[in-house]
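A short worksheet on the structure shown next.
Atoms within a ligand are numbered from 1 in the order they appear, just like the ligands themselves.
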Amino acid sequence: MSMDIVKGMLTTLKNMGKKPTTISFPEQERELPPRFRGRHVLHRYENELERCVGCYLCAGACPADAIYIEAEENTEENRVSAGERYARVFDVNMLRCIFCGYCQAACPTGAITLEKEYKLASFYPEDLIFHKEQLLEPKGQATTGSNDVWAEQPPADADQPVPQETQVFDGSSASAAAVGLGTLHTEQKVLIVNEEQDEDRRKL
Ligand code: SF4
Ligand code: SF4
């Protein structure tokens, strides 16, 4: 018997009786870490309006070119989101997605998050392009999703990162668009709260 076989058997004997590190998926499933990034979800506000304002920032941030959006204007008769526009088409191609989370980080309204669903196998590639209808939260079930664990909540007295009048912005609970202030008042000073910084910026 060669030494290699003896070494192999010793390793086997050493590990016999130890708790296995594998699990019997799919009967058993591991508990996922709070910041696990799985399938995307599009969120609504509690008033059922969609958070997505069709700004394309997520698509622009996506390194895999996995997001396809077609935006359309809201009208008084058909108000879908709280902003000027909404996403009429919103597709995420899971075959391209690398689950980096850049889309979630780029979204100014907390509209898109990566959640815990990871069982995404399919026999047909076209089934792995998820459309808005599949991604959007049902009415009456609005959540902020994993933004709760990713987003650092600002202190109550924080300066505002976007211009709006309620003094409440955290990217999730409220936004300029969410409070009906998607149209900026250009005569107001925005974004700059420190006069010195303001002067410095003007010099650049
Ligand atoms: S998680 Fe990353 S790769 Fe996937 S859609 Fe978002 S930005 Fe693109
Ligand atoms: S999900 Fe967010 S970043 Fe993407 S288009 Fe909608 S509002 Fe813009």
Side chain to side chain contact (heavy atoms under 4.5 Å, CB included) between F130 and C97, intermediate numbers included: CA-CA 11 Å; F130 282 79; C97 179; over 6 Å; no
I want to check something: taking the side chain as every heavy atom from C-beta on, are [X] and [Y] in contact at a cut-off of under 4.5 Å?
| X | Y | answer |
| --- | --- | --- |
| F99 | L114 | yes |
| M94 | H40 | yes |
| L135 | R39 | yes |
| T109 | Y45 | yes |

Exercise: identify the closest heavy-atom pair between E48 and G140: OE2-N, 3.6 Å
Nearest protein heavy atom with distance in Å, relative to [atom]:
| atom | answer |
| --- | --- |
| atom 5 (S) of ligand 1 | H40 NE2, 3.4 Å |
| atom 8 (Fe) of ligand 1 | C62 SG, 2.3 Å |
| atom 4 (Fe) of ligand 1 | C97 SG, 2.3 Å |
| atom 3 (S) of ligand 1 | I98 N, 3.3 Å |

Single-linkage hydrophobic cluster, 4.5 Å side-chain cutoff, F36 and I112 together: no
Hydrophobic cluster identity match, I67 and V41, side-chain contacts under 4.5 Å: no
From the candidates C103, A64, G101, the one that places a heavy atom nearest atom 6 (Fe) of ligand 1: C103
For atom 8 (Fe) of ligand 2, every protein N/O/S atom that sits closer than 2.8 Å, waters excluded: C55 SG
Given R51, E50, Q141, E137, the one that forms side chain to side chain donor-acceptor pair (under 3.5 Å) with H43: E137
Point-to-point distance, once rounded to the nearest 0.5 Å, from CG of L42 to NE2 of H131: 13.0 Å
May I ask you to list the atoms of ligand 1 that are less than 4.0 angstrom from any heavy atom of [X]?
| X | result |
| --- | --- |
| Y102 | 7 (S) |
| F99 | 1 (S), 4 (Fe) |
| I67 | 5 (S) |
| L114 | 1 (S) |
| C100 | 1 (S), 2 (Fe), 3 (S), 7 (S) |

Chi angles and distances behind the salt bridge (charged side-chain N to carboxylate O under 4.0 Å, His left out) call for K119, E29: CA-CA 11 Å; K119 289 175 235 164; E29 290 187 40; 2.8 Å; yes
